[in-house]
2 protein chains.
Amino acid sequence: MYSKELLKGTLQTIILKLLAENDRMYGYEITQKVKDLSDGKINLTEGALYPALHKLEATGLLSTEKVYIGKRVRKYYSLTVTGADTATNKVTEFSNFMETMKIILNLEPKMNDL
Amino acid sequence: MYSKELLKGTLQTIILKLLAENDRMYGYEITQKVKDLSDGKINLTEGALYPALHKLEATGLLSTEKVYIGKRVRKYYSLTVTGADTATNKVTEFSNFMETMKIILNLEPKMNDL
DNA sequence: CTATAACACCTAAGAGTTTTATGTATCTTT
DNA sequence: AAAGATACATAAAACTCTTAGGTGTTATAG
């Protein structure tokens with residue numbers, strides 16, 4: 001598990017990107033997918049995830065549909081058109097940010113630095 | 001300028017790493033260095049930086065010395081032994097975190113994905 | 001020579017996100 | 001029958017950062 005601070009600010013980007021690749025997903029599924037992809041190192045808490053999903057829906061980036069599995073409710077989220085745009089932008093921005101951080105933290109140092 | 005959220009959680013790591021490479025730096029110098037290295041894309045605000053420096057000093061990761069330049073005061077910060085350890089750990093952790101994020105955000109996709 | 005910008009420190013209220021804690025309920029496995 | 005996994009949700013508290021102030025010095029441009 002990574003220290004909590006690192007994850008800050010990445011939640012929206014993660015949600016949007018997963019939905020860009022999966023058409024529709026529900027909350028619990030997202031937590032499991034992230035746990036899988038991160039090899040258990042990132043565990044989204046429900047207290048953070050659900051409010052984030054609600055906010056993305058409220059701002060028009062996500063739409064929802066409820067599906068009943070027996071008596072249990074699942075709430076599927078999908079990207080809206082705006083949401084798809086935002087997903088692309090957020091991922092690009094994050095990618096650029098990582099490049100900048102590599103420079104600042106002097107990661108990938110050049111041969112002649114060694 | 002990157003959206004504010006991304007920077008969250010990276011400030012301590014940035015400070016510690018810069019001091020790992022520069023022996024001693026003062027607050028204003030750190031803001032300028034980060035601006036330089038990031039090509040103007042990251043501007044640390046003083047309202048965030050100074051409290052962060054004070055906190056790192058209070059927790060024993062940094063030590064200080066005041067230097068007078070004419071009548072103006074500069075407060076130089078240096079890593080303590082513990083601070084140097086923490087710097088290494090934080091940078092490593094951040095580096096690992098970036099690798100995980102690459103997977104989640106599906107950056108650097110493989111040939112056969114294209 | 002004086003006003004503006006740069007240098008250099010600082011704090012505090014508020015905004016925003018996440019953690020922690022809690023609640024409800026269904027389904028599956030032991 | 002109990003425990004754990006599935007599935008949603010909210011609310012108080014913690015934490016970090018932004019915004020918005022404040023003080024004072026030095027250099028530069030008009």
Reading DNA chain D 5' to 3', which nucleotide is the first, and which the last, to come under 4.0 Å of any heavy atom in chain B?
D:dT16 to D:dT26
Would one find a side-chain N or O of B:His54 under 4.0 angstrom from OP1 or OP2 of C:dT11?
yes
What's the [atom1]-[atom2] distance between [X] and [N], to the nearest Å?
X	N	atom1	atom2	result
B:Asp36	C:dC7	CG	C1'	15 Å
B:Lys33	C:dC7	NZ	C1'	18 Å
B:Lys66	C:dA8	NZ	C1'	12 Å
B:Tyr76	C:dC7	OH	P	14 Å

Pair B:Gln12, B:Lys90 - check side-chain contact (heavy atoms from CB on, under 4.5 Å), show working.
CA-CA 8 Å; B:Gln12 279 196 21; B:Lys90 286 250 183 198; 3.5 Å; yes
Under the salt bridge (Lys or Arg N to Asp or Glu O under 4.0 Å) rule, what do B:Glu65 and B:Lys75 come out as? Steps first, then yes or no, please.
CA-CA 6 Å; B:Glu65 48 179 326; B:Lys75 206 164 154 189; over 6 Å; no
Could you give the distance from CG (A:Leu19) to OG (A:Ser63), rounded to the nearest 0.5 Å?
9.5 Å
Spatial distance of atom OH (A:Tyr77) from atom CG (A:Leu16) [nearest 0.5 Å]:
12.5 Å
Along nucleotides 12-25 of chain C, 5' to 3', which nucleotides get a B, which get an S, and which get a -, given that the test is a protein heavy-atom distance under 4.0 Å?
B----SSBB-----
Counting only N and O atoms by type, is there a donor-acceptor contact under 3.5 Å from the side chain of [X] to the main-chain atoms of [Y]?
X	Y	result
A:Thr82	A:Leu61	no
B:Glu29	B:Tyr26	yes
A:Thr10	A:Leu6	no

Please say yes or no: joined through hydrophobic side-chain contacts below 4.5 Å, possibly via intermediate residues, are B:Val67 and B:Val73 part of one cluster?
no
